[in-house]
S.K.: 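Structure below; questions to follow.
Letters go in sequence order (proteins before strands), and every chain restarts at 1.
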Amino acid sequence: MNNEAFAQLVDAHYAPLYRFALSLARNGSDAGDLVQQTFFIWATKGHGLRELSKAKSWLFTTLYREFLRGRRRDSRSSSLEDLPPGERDPAAEDIDRVSRIDSALVMSALQSVEETFRAPLTLFYLEDMSYQQIADTLEVPIGTVMSRLSRGKAQLRLALERTDPSAKIVPFPGTKENTAS
Amino acid sequence: MTLQEAKFILSSYRPNGSDSGSAAFGDALRMAGEDPVLGAWFARSRELDTAVAAKLAQIAPPPGLREAILAGARVGESHRKRGPAWGWMGGLAAAAALVIGLFSLRVPVRPVQPSIPSSAQVAPIAVFAIDDMVHGKHGGSGEPASALVARLETKGSAIPTGAEIGFDKLKATGCRTISWQGEDMIEVCFVRDGTLFHLYVLRRPGPGDDDAVGGPFYLEQAAGSAASWSDSHFDYALASTAGVAAIRKLLL
């Protein structure tokens with residue numbers, strides 16, 4: 001691949017890859033490193049990919065693999081899918097809340113979703129990938145993707161509720177509420 | 001299909017309608033059209049998904065990330081082909097841009113004197129040397145290392161080069177060896193005029209690579225300073241916390 005074609009590939013994908021990495025790594029520095037590492041692998045391994053239409057999927061899969069390789073696995077990860085979904089239907093105030101708050105707070109809420117659910121959820125939102133494409137990228141079965149999306153969305157709604165700076169604080173019964181004059 | 005099953009399936013439905021033709025959603029979509037409760041849930045769900053996606057799309061990558069990626073790829077390419085085809089100067093510029101990009105979030109690079117080449121011309125080995133000097137575990141002993149240290153510490157003596165560096169002996173007898181970009185590099189620490197210096201030596205792929213000869217190039221960062229240069233046998237970096245002036249004085 002010549003330099004110009006490579007630059008075009010970078011231009012097309014580095015921003016969404018960074019957002020994906022940011023949701024996974026939870027900090028900008030590590031996210032930048034992950035994106036650089038992903039393109040570095042593309043450049044150094046010769047990638048052997050003849051069909052550029054598959055480049056996007058290759059890049060996201062590679063970044064995810066690099067993330068998994070770099071972070072320490074802990075015992076909680078394997079049991080996450082046994083957790084109850086914490087289902088709560090989306091309400092009108094959820095939509096208002098998201099429209100009102102800063103994008104960084106939305107990202108912060110997304111970053112607080114459990115990692116197992118966060119990766120498919122991020123691809124769903126950031127890259128508008130179909131469940132099939134997400135399954136291919138993360139190398140998990142389709143049913144698993146659907147399950148993780150459903151549960152991830154429920155977690156995200158709860159996280160957004162907690163993140164909202166204008167959320168009302170309900171005074172504990174029996175205490176006096178401070179009022180501004 | 002129950003209400004919960006329909007919700008489960010529709011959670012994977014993209015809010016922009018891209019999945020409207022997918023058979024996997026057919027039954028659930030039909031049910032949402034017939035059941036007002038499910039229909040209302042689905043409408044709110046899509047609206048929320050659209051709002052979240054729009055907010056997340058506003059997150060911008062940090063400045064300089066694109067340039068660091070492009071430079072990094074060129075470094076990878078040059079490392080594979082390491083040799084005269086790419087040349088020293090071009091390789092250094094791209095490599096330095098990459099490594100500086102990698103470190104820029106942690107170690108701010110401050111400008112050096114105008115007469116000194118800009119940081120873009122500095123070899124990545126210099127950036128590595130400063131980082132290793134600050135964070136590495138230093139040490140090393142053995143006769144060849146001691147002899148080299150003694151020579152380095154002799155006031156007025158020149159830095160040994162090329163064939164004067166007994167690389168294999170140094171490596172075998174306890175001088176510190178570091179793996180850098182998959183290749184062995186030795187480090188020797190010495191004191192000259194009361195200043196501690198760290199000399200890093202990386203063997204080049206083969207002799208006679210005259211295109212690769214160049215430097216010294218100087219780099220000054222908040223954590224320390226370094227110079228890098230190359231002869232036909234080795235790449236070198238000399239790092240110190242004493243500043244560029246102290247390094248230049250030693251190399252002159």
Side-chain angles (χ1 to χ4, degrees), chain A residues 3 6-7 10-11 14-19 22-23 28-29 31-33 35-46 87 89-92 94-95 98-99 101-107 109-110 122 124-126 128-132 134 142 145-147 149-153 156-157 160, chain B residues 4-5 7-16 18-19 22 24-25 37-38 40-80 94 98-99 101-106 181:
Chain A
N3 286 345
F6 182 75
V10 171
D11 288 342
Y14 89 100
L17 277 169
Y18 173 78
R19 294 182 193 114
L22 186 61
S23 80
S29 177
D33 286 350
V35 176
Q36 290 185 12
Q37 177 67 8
T38 300
F39 280 108
F40 188 80
I41 291 170
W42 172 282
T44 53
K45 293 278 175 71
E87 187 63 53
D89 285 350
D94 292 325
I95 300 160
V98 171
S99 303
I101 65 178
D102 185 70
S103 58
L105 286 176
V106 177
M107 175 57 86
L110 179 63
T122 305
F124 179 84
Y125 283 127
L126 293 179
D128 192 30
M129 285 188 182
S130 71
Y131 64 91
Q132 177 69 64
I134 295 170
I142 289 172
V145 168
M146 287 186 154
S147 172
L149 283 176
S150 176
R151 293 178 176 197
K153 285 184 180 182
L156 179 63
R157 284 194 291 274
L160 285 166
Chain B
Q4 283 308 315
E5 287 169 341
K7 284 182 177 180
F8 176 81
I9 292 170
L10 291 173
S11 289
S12 300
Y13 187 88
R14 284 177 285 179
N16 63 3
S18 301
D19 295 315
S22 170
F25 296 101
V37 174
L38 179 61
W41 173 89
F42 187 42
R44 279 197 306 274
S45 182
R46 287 179 69 180
E47 205 176 338
L48 180 60
D49 286 345
T50 302
V52 171
K55 284 288 178 179
L56 293 176
Q58 294 172 6
I59 306 269
L65 178 59
R66 178 184 180 276
E67 289 69 29
I69 292 166
L70 293 174
R74 286 196 289 273
V75 169
E77 190 71 15
S78 74
H79 191 67
R80 278 195 299 150
L98 162 72
V99 182
L102 287 171
F103 284 94
S104 61
L105 296 172
R106 302 181 182 87
Q181 295 191 349

S.K.: Please look at B:D49 and chain A and tell me whether the side chain, the backbone, both or neither of the residue comes under 4.5 angstrom of a heavy atom of that chain.
M.R.: both

S.K.: Donor-acceptor check, side chain of B:K55 to backbone of A:I101, threshold 3.5 angstrom: yes or no?
M.R.: yes

S.K.: Could you look at A:I134 and say if it's the side chain, the backbone, both or neither that has a heavy atom under 4.5 Å from chain B?
M.R.: neither

S.K.: What part of A:L17 gets within 4.5 angstrom of chain B, counting heavy atoms only: side chain, backbone, both, or neither?
M.R.: neither

S.K.: Which heavy-atom pair separates A:Y131 from B:S22 by the least distance, and what is that distance?
M.R.: OH-OG, 3.7 Å

S.K.: Quick check on A:Y18 against chain B: is it the side chain, the backbone, both or neither that has a heavy atom closer than 4.5 Å?
M.R.: side chain

S.K.: What part of B:F25 lies closer than 4.5 angstrom to a heavy atom of chain A: side chain, backbone, both or neither?
M.R.: side chain

S.K.: Could you tell me which portion of A:L110 (side chain, backbone, both or neither) has an atom closer than 4.5 angstrom to a non-hydrogen atom of chain B?
M.R.: side chain

S.K.: Kindly compute the distance separating OG1 (A:T122) from CG (B:L56), expressed to the nearest 0.5 Å.
M.R.: 7.5 Å

S.K.: Heavy-atom cut-off 4.5 Å, strictly under: side chain, backbone, both or neither for B:A54 against chain A?
M.R.: neither

S.K.: What pair of heavy atoms forms the shortest contact from A:V98 to B:V52, and how long is it?
M.R.: CG1-N, 3.7 Å

S.K.: How long is the span from the CZ atom in A:R151 to the CZ atom in B:F8, to the nearest 0.5 Å?
M.R.: 8.0 Å

S.K.: So which atom in B:I69 and which in A:F6 form the shortest heavy-atom distance, rounded to 0.1 Å?
M.R.: O-CE2, 4.2 Å

S.K.: Which bit of B:S18 comes within less than 4.5 Å of chain A, counting heavy atoms only: side chain, backbone, both or neither?
M.R.: side chain

S.K.: Over all heavy atoms of both residues, which pair between A:V10 and B:R66 is shortest? Give the atoms and the distance, please.
M.R.: CG1-CG, 4.1 Å

S.K.: Between A:M129 and B:R14, what is the shortest heavy-atom contact and its length?
M.R.: O-CD, 3.5 Å

S.K.: Locate the shortest heavy-atom distance separating A:Y14 from B:L65; write the atom from each residue and the value.
M.R.: CD1-CD2, 4.0 Å

S.K.: Measure the CG-CG distance between B:L10 and A:L149 for me, rounded to the nearest 0.5 Å.
M.R.: 12.0 Å

S.K.: Taking every non-hydrogen pair under 4.5 Å, which of A:M107, A:Q37, A:Q132, A:K153 racks up the most with chain B?
M.R.: A:K153

S.K.: So what's closer than 4.5 Å to chain A heavy atoms on B:T50: side chain, backbone, both or neither?
M.R.: neither

